[in-house]
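I have placed the structure first, in the form of structure tokens, so that the comments after it can refer back to it.
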4 protein chains.
Amino acid sequence: MLVSAAQTYQIDDSKGKAGRPRSDESHRAILDATRRLLTHMPVHKLSVEAIAKKAGVGKTTIYRWWPNKQAVVMDAVFSQPAFLNILPASATAFEGIKVQIEKLLRQLAGKNGRMVAEILGEAQGDMEALKSFSQGFFQERYDALARYLSEGKDSGEFRADLDMESAIDLIMGPIFFRLITGQDFDPAFEKNLIDSLRRGLSA
Amino acid sequence: MLVSAAQTYQIDDSKGKAGRPRSDESHRAILDATRRLLTHMPVHKLSVEAIAKKAGVGKTTIYRWWPNKQAVVMDAVFSQPAFLNILPASATAFEGIKVQIEKLLRQLAGKNGRMVAEILGEAQGDMEALKSFSQGFFQERYDALARYLSEGKDSGEFRADLDMESAIDLIMGPIFFRLITGQDFDPAFEKNLIDSLRRGLSA
Amino acid sequence: MLVSAAQTYQIDDSKGKAGRPRSDESHRAILDATRRLLTHMPVHKLSVEAIAKKAGVGKTTIYRWWPNKQAVVMDAVFSQPAFLNILPASATAFEGIKVQIEKLLRQLAGKNGRMVAEILGEAQGDMEALKSFSQGFFQERYDALARYLSEGKDSGEFRADLDMESAIDLIMGPIFFRLITGQDFDPAFEKNLIDSLRRGLSA
Amino acid sequence: MLVSAAQTYQIDDSKGKAGRPRSDESHRAILDATRRLLTHMPVHKLSVEAIAKKAGVGKTTIYRWWPNKQAVVMDAVFSQPAFLNILPASATAFEGIKVQIEKLLRQLAGKNGRMVAEILGEAQGDMEALKSFSQGFFQERYDALARYLSEGKDSGEFRADLDMESAIDLIMGPIFFRLITGQDFDPAFEKNLIDSLRRGLSA
DNA sequence: GGGTAACCGAGACGGTACGTCTAGTCTTTAA
DNA sequence: TTAAAGACTAGACGTACCGTCTCGGTTACCC
């Protein structure tokens, strides 16, 4: 099974270690509370204290498992089932890319999209956080696209001189540009993006 | 005279009003101090108090002329000469777009790019700030691109069925995607972007 | 006029300085809240946060004027009118000492005595605090006693070989011993102390 | 054998109970670590966690045998051999009191005195702790003095109208007054105290 | 000699308070 | 009227302990 790499901070009781084991319940409560609070307020208005209170948990417990607010929020948002990225096999490489785009647009619509934008925003100015965000969210989507592009090039479906990295920028760029400039994804945008990519990638 | 619209909070002493006149020197000192401090630290670590101290200015003076930290920072960064967007006339519409892209990439390289990314990042989660950012930075670049696109469509240089808004997303998207994901702009990226656009826009 | 040296942190607006002047109201509110809270709980259960909340004041304001909880509490307790130490002139030196003892016993009876004991207790293990306590509370009582003892020696009312410092220990010692061991001051104790001193000091 | 009543929390393995027996070694390690740490820091800076770590012991083990930090510290300090209070028989009642005073002054000089002062200080504001301190430290010294005073009254060595309780306050008071006000015991103080008591007690 | 019960170390838990920091506002004197 | 200075309320930060709890494991006694 392909599980989201976003679940960065997982519980691991495999080792028979001494000491009281980590409370699975607290862990869930923290993530739940974070998600719940984020529906009412933007990330920068969310405080660790508020999470602790809402989750019925000591602040220490949060700081024991996550280094800062960012990490908790990323974990809370990205570990949602809606952000799982399991994709069906597709007939053609371009079909795969198209499905990936459609899925991403659905994931980034509405509240969840705002949350992602805010997390990405807060990560600017902190390279560590930015790397962490990339690993938690972009990596698997990037990999999936890369796989399709590579397949398409090999099969002759796509242009032979295609630069993979730039192609990914061309796919993801417009989506995130609209996200961070606060414009929503209307059907016209989706259609135009896909049409444009079809023209740009095809052999 | 064509002055950058980024200078949102301009001095206007045209009226002969009573009372002590606004100190032009303080105004400059504030923006200078802000710029100076931003070379050492990210936006979110910059405090208004630090600006005031460095500028030798009361905090009140800052809040009298700018509504909040965001506004000061935007003003300080966008009013730099490097961010002026005066472009030469160009032979073809595509040439105009190409020059605009090249200029933008130069503006967003290095420290200035980081600052823009951080400002844009901080504006997520605050629709007011986001709108303000758009007006201060995107608007004139957006307008310029729209002008070229329109010209190109009219002259038959570009496809007749071109959707202007989507076209702009395709141009700006990849650039800002690389910016906010922390990747820098290598020559390959620039070349690939322009080539891809040439293919996508041409009739 | 003889004013208690306990009011260590006084407001002084004599200089015409720039900037918003210190808020007399906040100052009073902090001290009031502290006193009020101390009637319900011992010093070590009192938190600066609670004082700030009760006084309707920012925590910063407290920390701006007092270095820590100790200092606030000392100021609050010792600046009470009941702790003023104005004593009438007395016919004989011994009479002066007797009145001083009676006054001190009245000041240290009940809740106020407990507060003083707790403050003194908390100051153990922090030489700075201990010195501060001595200056705030002991000094003037010590001085008063020293004055009477000196007068009595000079006039021949007291023994010529009297050691002043030891004499003060003999006077204050029993009182504070009962205070810190949690015994209250019954009339028998008062009478016995004074009788004993009369015997011990007289020529 | 006369053992200090200070050893409040003694090991008692007399009953043949089931289960793992209490670890004598841990017990010693805890008290040792506490004493060792107290030479470097005041009582209120000492944490149970630090004791546990230094002693190589679980926090649980400490809390199983002592109800709180206070109790551990009292046990650690008062169970030291130096605090044993075995006194030789004395020719006269006053001689007995004199020896008791001398011993006490020696016990309370230096670091040990500071520790006692801090323990007594922390006990202010907690009547339970204060009672516990009295039983652990004062009781036997109080009893010894009471015995001598009673003997002296019976034998006519002391005044017949002597109030025992007040007399003890007069003896202990000056000593603890100097202790808690941070003054040390110089020879002059000792001589003056004893001389004064001689005058005050004698028939 | 197997069962059981109290002990042990480790360390996570819910809490509370600390003292610091910043935002944005308010109030004074000086220019 | 504006400026500089700086005090103000509000509230989050991340750290340190408290005393409790829950593990896996270790000894003794008791049957």
Side-chain angles (χ1 to χ4, degrees), chain A residues 13 15-23 25-27 44-50 52-53 55-65 67-69, chain B residues 17-23 25-26 44-50 52-53 55-65 67-69, chain C residues 13 15-23 25-27 44-50 52-53 55-65 67-69, chain D residues 13 15-23 25-26 44-50 52-53 55-69:
Chain A
D13 280 336
K15 301 282 180 67
K17 282 184 295 183
R20 178 174 177 173
R22 176 171 181 180
S23 161
E25 196 180 341
S26 291
H27 186 257
H44 77 271
K45 287 213 171 180
L46 175 66
S47 72
V48 175
E49 242 147 22
K53 191 165 187 178
V57 141
K59 237 197 314 182
T60 323
T61 302
I62 297 179
Y63 281 108
R64 201 189 327 272
W65 301 111
N68 48 49
K69 192 176 70 175
Chain B
K17 282 182 294 185
R20 179 173 175 173
R22 173 171 183 180
S23 162
E25 194 180 343
S26 291
H44 76 271
K45 288 212 171 180
L46 175 67
S47 72
V48 176
E49 240 145 23
K53 190 168 185 179
V57 141
K59 245 198 310 183
T60 326
T61 306
I62 298 179
Y63 281 107
R64 200 191 320 275
W65 301 110
N68 49 47
K69 193 177 72 172
Chain C
D13 279 338
K15 301 283 178 67
K17 282 183 296 185
R20 179 173 177 175
R22 175 171 183 178
S23 163
E25 196 179 342
S26 291
H27 185 257
H44 77 271
K45 289 214 169 177
L46 175 67
S47 73
V48 175
E49 243 146 21
K53 191 165 189 180
V57 142
K59 243 200 307 184
T60 322
T61 303
I62 297 180
Y63 281 108
R64 200 189 328 271
W65 301 111
N68 48 48
K69 192 177 69 175
Chain D
D13 279 338
K15 301 282 180 70
K17 281 184 294 183
R20 177 175 178 173
R22 174 172 183 178
S23 162
E25 195 180 343
S26 291
H44 77 272
K45 289 212 170 180
L46 175 67
S47 73
V48 175
E49 243 144 22
K53 191 167 186 180
V57 139
K59 246 201 306 184
T60 324
T61 305
I62 297 179
Y63 280 107
R64 202 191 319 275
W65 301 111
W66 292 273
N68 50 47
K69 193 177 72 172

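Residue numbers start from 1 in every chain, and the chains themselves are labelled A, B, ... in the order their sequence lines are given, proteins ahead of strands. As the structure is a prediction and not an experimental result, all values here were calculated from the model.
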Rounded distance (Å) that lies between atom [atom2] of [N] and atom [atom1] of [X]:
X: D:W66; N: F:dC18; atom1: CH2; atom2: P; answer: 15 Å
X: C:R22; N: F:dA7; atom1: CZ; atom2: P; answer: 10 Å
X: B:H44; N: E:dA23; atom1: NE2; atom2: P; answer: 12 Å
X: D:I62; N: F:dT20; atom1: CD1; atom2: C1'; answer: 14 Å

With a 4.0 Å cutoff (strictly under), does any side-chain N or O of A:T61 reach OP1 or OP2 of E:dG14?
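Yes, because at least one side-chain N or O of A:T61 sits under 4.0 Å from OP1 or OP2 of E:dG14.
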At less than 4.0 Å, is any side-chain N or O atom of A:W65 found next to OP1 or OP2 of E:dC13? Yes or no.
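Yes.
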Might you list the N or O atoms of the protein lying below 3.5 Å from N or O atoms in nucleotides 15-17 of chain E, with each pair's distance?
| from | atom 1 | to | atom 2 | distance (Å) |
| --- | --- | --- | --- | --- |
| E:dG15 | O6 | A:T60 | OG1 | 2.5 |

How close do [X] and [Y] get, counting heavy atoms only, and between which atoms?
X: A:A52; Y: A:G58; result: CB-C, 4.3 Å
X: C:V48; Y: C:K69; result: CG2-CB, 4.0 Å
X: A:S23; Y: A:S26; result: OG-N, 3.0 Å

By nearest heavy atom, map A:S26 and C:Y63 onto DNA chain E; which one lands nearer the 5' end?
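The residue closer to the strand's 5' end, by nearest nucleotide, is A:S26.
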Among E:dC8, E:dC13, F:dA4, the one nearest D:R64 by side-chain distance
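So the nucleotide nearest the side chain must be E:dC8.
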By nearest heavy atom, map C:A55 and D:R20 onto DNA chain F; which one lands nearer the 5' end?
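Nearer the 5' end of the strand: C:A55.
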Once rounded to the nearest 0.5 Å, what's the spacing between atom CH2 of D:W66 and atom OG1 of D:T61?
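One finds 9.5 Å between CH2 of D:W66 and OG1 of D:T61.
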